[in-house]
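All ligand and atom numbering here is 1-based and tracks the order in the structure.
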Amino acid sequence: MRLRHIKGAEQQIAESPFVIHDPEEQKGHWRDVFGNDHPIEIEGGMGKGKFIMDLAAAHPDVNYLGIERYSSVLLRALQKRAERDLSNIFFLCIDAKEMADYFAPGEVSRIYLNFSAPWPKDRHAKRRLTSPVFMEVYDSILKPDGVIEFKTDNRGLFEYSLESIPAAGWDILAHTFDLHRSDMAEGNVMTEYETKFASEGKPICKLVASRSRQP
Ligand code: SAM
């Protein structure tokens, strides 16, 4: 999702109390940001943030961080955030590929990747959020028993991920090619893209992975 640049977006983001403006300074100190030692869960590429805000509302004993690299999209999330009474979520305007610059080893419990771009051309494979480059980043910030949850409507990206994730030294703990008609549907929180694709009758793929080699 890349929206037309919105005039003043950077300024509004800079002034928002819901955005962490100096994330590199919080590396290793995220518990101070939240004022507690609850587990930290991240969505990489949150878009307008419905999914991660719904999770934050449902789980007040978990801390959430939504990552979005485009200011125009983050601004939409901030508008929605202002309508909600949540104390356990902040947003970061960064590239998910740089997460190791902002989180210490073992600081994160779970990473959600929802409907990220498929980048179908081979020469763009490194940009896929489940490519070895990204798996290495997740490896460097997750707790030893930390998990990745990945949802997509794109069968090609999903099949690629079913190979790339184990090749990077992770176990696929569970997966389905049709989430909404599977055992994994219980407790599923829908994202904006998921709602759209499901309404078009597209099956949603999901996998959950953790590291087979403990760091
Ligand atoms: N997760 C949301 C959902 O399921 O409704 C949004 C999906 S949208 C297709 C993907 C979002 O991820 C876009 O807003 C895009 O800007 C963001 N994104 C893609 N790659 C990213 C990256 N490397 N770092 C941060 N955000 C990224």
Side-chain angles (χ1 to χ4, degrees), residues 1-6 9-10 13 18-21 23-24 41-58 64-81 84 89-103 108 110-121 124-142 148-158 160-161 164 168 176 179-180 184-185 187-200 202-208:
M1 183 191 314
R2 188 166 187 179
L3 302 177
R4 187 173 49 83
H5 183 262
I6 298 172
E10 282 80 9
I13 289 168
F18 304 130
V19 178
I20 302 299
H21 302 290
E24 61 287 341
E41 301 188 357
I42 294 178
E43 183 181 11
M46 69 165 176
K48 296 177 194 167
K50 174 197 174 290
F51 168 84
I52 191 119
M53 285 190 266
D54 284 351
L55 275 188
Y64 293 93
L65 292 168
I67 289 177
E68 173 53 53
R69 67 176 163 182
Y70 291 124
S71 58
S72 56
V73 184
L74 179 57
L75 191 59
R76 294 288 172 85
L78 287 177
Q79 287 159 354
K80 306 237 179 239
R81 172 71 183 80
R84 304 187 68 155
I89 182 167
F90 291 102
F91 298 143
L92 279 69
C93 196
I94 61 168
D95 188 323
K97 200 161 71 183
E98 314 297 337
M99 284 198 295
D101 293 343
Y102 307 107
F103 298 95
V108 177
R110 190 174 297 254
I111 298 173
Y112 300 95
L113 307 168
N114 294 320
F115 300 89
S116 49
W119 296 108
K121 291 182 182 156
H124 291 148
K126 280 186 180 169
R127 300 182 190 179
R128 298 173 193 153
L129 262 55
T130 50
S131 71
V133 184
F134 278 90
M135 295 312 294
E136 207 175 308
V137 173
Y138 310 146
D139 184 42
S140 71
I141 66 172
L142 274 173
I148 302 285
E149 295 197 17
F150 172 57
K151 292 197 276 190
T152 181
D153 64 306
N154 189 291
R155 182 87 179 208
L157 177 63
F158 194 65
Y160 162 85
S161 305
S164 65
T176 173
L179 172 61
H180 296 170
M184 293 171 76
N188 181 51
V189 174
M190 301 271 277
T191 81
E192 266 144 354
Y193 272 65
E194 185 174 357
T195 303
K196 177 175 168 291
F197 292 134
S199 73
E200 293 167 1
K202 288 189 184 166
I204 305 300
C205 305
K206 178 174 179 178
L207 67 79
V208 180

Q | Residue list, side chain to side chain donor-acceptor pair (under 3.5 Å) with R84, at least two apart or on another chain | A |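 Residues passing side chain to side chain donor-acceptor pair (under 3.5 Å) with R84: D54.
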Pairs under 3.5 angstrom only: tabulate donor-acceptor contacts from the side chains of residues 127-137 to other protein residues two or more places apart or in another chain.
{"from": "R128", "atom 1": "NE", "to": "P118", "atom 2": "O", "distance (Å)": "3.2"}
{"from": "R128", "atom 1": "NE", "to": "W119", "atom 2": "O", "distance (Å)": "2.9"}
{"from": "R128", "atom 1": "NH2", "to": "W119", "atom 2": "O", "distance (Å)": "2.9"}
{"from": "R128", "atom 1": "NH2", "to": "P120", "atom 2": "O", "distance (Å)": "3.3"}
{"from": "T130", "atom 1": "OG1", "to": "S161", "atom 2": "OG", "distance (Å)": "2.7"}
{"from": "S131", "atom 1": "OG", "to": "K126", "atom 2": "O", "distance (Å)": "3.1"}
{"from": "S131", "atom 1": "OG", "to": "R128", "atom 2": "O", "distance (Å)": "3.0"}

Closest candidate by heavy atom, reference [atom], pool [options]:
{"atom": "atom 8 (S) of ligand 1", "options": "Y112, F197, Y193", "value": "Y193"}
{"atom": "atom 15 (C) of ligand 1", "options": "M46, E68, R69", "value": "E68"}
{"atom": "atom 1 (N) of ligand 1", "options": "S116, S72, G45", "value": "G45"}

Q. Which bit of E43 gets closer than 4.0 Å to ligand 1, counting heavy atoms only: side chain, backbone, both or neither?
A.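 For E43, only side-chain atoms sit under 4.0 Å from ligand 1.
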Q: Could you see which bit of F115 sits under 4.0 Å from ligand 1, with heavy atoms only: side chain, backbone, both or neither?
A: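 For F115, backbone and side-chain atoms both sit under 4.0 Å from ligand 1.
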Q. With a 4.0 Å cut-off on heavy atoms, is L113 touching ligand 1?
A.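 The answer is no, since L113 has no heavy atom less than 4.0 Å from ligand 1.
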Q | Whether Y70 lies under 4.0 Å from ligand 1, heavy atom | A |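 Yes; Y70 lies near enough to ligand 1 that a heavy-atom distance drops under 4.0 Å.
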Q: Could you tell me whether D95 and ligand 1 have an N or O pair separated by under 3.5 Å?
A: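 For ligand 1, there is an N or O atom that lies under 3.5 Å from one belonging to D95.
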Q. Any side-chain heavy atom of T191 within less than 4.5 Å of one from Y112?
A.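 The answer is no; the side chains never approach within 4.5 Å.
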Q: Would you sort out whether E192 and K196 count as a salt bridge (Lys or Arg N to Asp or Glu O under 4.0 Å), showing the intermediate values?
A: CA-CA 6 Å; E192 266 144 354; K196 177 175 168 291; over 6 Å; no
